[in-house]
2 protein chains.
Amino acid sequence: MNTKMELLKKGLLKKGIRPTYIRLKVLDYLETNRNHPTAEAIYKSLVKEIPTISRTSVYNTLNFFHEKELINILFITGIEARFDSNISPHHHFLCGKCGRIIDLDIECNYFKKGNIRGHRIIELHGYFKGICKDCLKEGK
Amino acid sequence: MNTKMELLKKGLLKKGIRPTYIRLKVLDYLETNRNHPTAEAIYKSLVKEIPTISRTSVYNTLNFFHEKELINILFITGIEARFDSNISPHHHFLCGKCGRIIDLDIECNYFKKGNIRGHRIIELHGYFKGICKDCLKEGK
DNA sequence: ATTATTAATTGTAATGAATACAAAAATGGA
DNA sequence: TCCATTTTTGTATTCATTACAATTAATAAT
Ligand SMILES: [Mn+2]
Ligand SMILES: [Mn+2]
Ligand SMILES: [Zn+2]
Ligand SMILES: [Zn+2]
């Protein structure tokens with residue numbers, strides 16, 4: 001049988017990435033928590049199970065994953081980076097009230113890799129800021 | 001006759017903003033330098049003419065302008081904010097080689113204020129990362 | 001299995017953009 | 001001029017992120 005961790009391990013090996021314990025745990029966290037967490041949130045969660053883990057390892061691992069194009073890094077809040085294991089092109093919405101970053105599946109013609117005006121596109125980022133549906137309802 | 005500064009002053013007054021010397025100089029810099037400068041770049045330039053100016057004043061003024069919807073703040077590099085006095089909706093391109101942020105005038109259907117999926121949109125941000133046309137040519 | 005080599009992880013110090021805050025200066029009205 | 005309010009300044013602080021050397025773990029060679 002294939003446990004969740006076995007599958008993650010296979011996925012990393014297929015990309016030529018050594019499936020170390022920390023890498024597996026960070027990736028597992030990102031796959032399970034698709035709410036664009038901060039590095040600190042990931043650290044805070046993992047340190048409960050791995051008391052020896054360091055913040056530096058979390059940062060190292062996240063940057064490493066980004067280099068290997070396994071995750072996206074979102075600079076939206078202006079305060080801290082947010083991490084996203086969903087690498088399929090999609091837009092985001094940052095709510096100024098509750099602070100959530102919500103996925104938006106809008107089909108935008110310009111939102112694909114390739115070339116634009118002669119520039120080679122490697123990363124795509126589209127996001128909106130405002131007040132989310134829930135916060136509008138509750139009149140927070 | 002209307003000097004450039006007189007026009008900037010009138011623009012601020014029309015928006016109910018006191019046209020102080022520093023505000024006029026910061027705005028003048030942004031209007032003249034439409035290359036999305038950092039706060040530090042603005043400070044470095046202004047301090048040559050206004051030796052007593054402080055970094056804090058530059059930051060205060062820029063944030064104040066943003067609150068008054070006079071400028072946009074771009075969080076693209078992940079290192080530092082970039083400021084844009086062009087508030088008409090437009091996309092950006094960040095070159096990973098030369099570091100420039102280039103304006104892109106692409107007409108995107110989703111790039112307008114209003115509501116999307118029930119969320120109220122206040123700010124629009126669309127940008128791409130990659131290698132710019134010039135850097136591709138020079139094979140930097 | 002033991003050793004050597006390489007890679008990953010850790011802990012601490014440092015960086016640097018941005019903010020907090022209180023004092024000083026400037027502004028505008030009475 | 002006097003007073004109240006706003007703006008600007010200088011300094012200290014915050015805090016996310018990185019730098020870096022030491023330690024540990026994993027892999028390859030003997
Ligand atoms: Mn997402
Ligand atoms: Mn622009
Ligand atoms: Zn919300
Ligand atoms: Zn370039």
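Because only heavy atoms are used, hydrogens play no part in the values below, and waters and symmetry mates are left out as well, while side chains stay in.
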Next on the checklist: Output the rounded distance in Å from CG (L12(A)) to C1' (dA8(C)).
Outcome noted: 14 Å
Checklist entry - For I53(A) and G78(A), take the nucleotide of DNA chain C holding the closest heavy atom to each; which residue's nucleotide lies nearer the 5' end? => result I53(A)
Next on the checklist: Rounded to whole Å, please give me the gap between CD1 in I42(B) and P in dA17(C).
Outcome noted: 13 Å
Checklist entry - Between dA25(C) atom P and I50(B) atom CD1, what is the distance in whole Å? => result 18 Å
Checklist entry - Counting only non-hydrogen atoms, which of residues 54-70 of chain A are less than 4.0 Å from DNA chain D? => result T56(A), Y59(A), N63(A)
Checklist entry - Between Y21(B) (OH) and dA25(C) (C1'), how many Å, whole number? => result 16 Å
Next on the checklist: Here's a test of your reading of the structure: between E40(A) and P51(B), which maps to the more 5' nucleotide of DNA chain D?
Outcome noted: P51(B)
Next on the checklist: How many whole angstroms separate atom CD1 of I73(B) from atom P of dA17(C)?
Outcome noted: 16 Å
Checklist entry - Is there a donor-acceptor pair under 3.5 Å between the side chain of K97(A) and the backbone N or O of L136(A)? => result no
Item to check | Among dA17(C), dT8(D), dT27(D), the nucleotide that comes nearest once only the side chain of R18(A) is considered | outcome: dT27(D)
Checklist outcome for this item: Heavy-atom closest pair (K25(B) atom, L46(B) atom, distance to 0.1 Å) is O-CD2, 4.0 Å
Next on the checklist: How many whole angstroms separate atom CZ of F75(A) from atom C1' of dA18(C)?
Outcome noted: 16 Å
Item to check | Mutual orientation of the aromatic rings belonging to F128(A) and H91(A) [parallel < 30°, tilted 30-60°, perpendicular > 60°] | outcome: parallel
Checklist outcome for this item: Nearest heavy-atom contact between C95(A) and C132(A) is SG-N, 3.3 Å
Item to check | Lys/Arg cation over aromatic F64(A): R23(A), 6.0 Å, 45° cone | outcome: yes
Checklist entry - Rounded to the Å, how far apart are E80(B) CD and dA16(D) P? => result 18 Å
Next on the checklist: Rounded to whole Å, please give me the gap between CG in L24(B) and P in dT27(C).
Outcome noted: 12 Å
Checklist entry - Would a 4.5 Å heavy-atom cut-off, applied to side chains only, mark L70(B) and L12(B) as touching? => result yes
Checklist entry - Is the shortest side-chain N/O distance from R23(B) to OP1 or OP2 of dT7(D) below 4.0 Å? => result yes
Next on the checklist: Heavy atoms only, 4.0 Å cut-off, all strands: where does T38(B) land among base, sugar-phosphate and nothing?
Outcome noted: nothing
Next on the checklist: Checking side-chain polar atoms at under 3.5 Å, does Y127(A) have a donor or acceptor matched by the opposite partner on E123(B)?
Outcome noted: no
Checklist entry - Of all the nucleotides listed (dT9(D), dA8(C), dT10(C)), which has the minimum atom distance to the side chain of I22(B)? => result dT9(D)
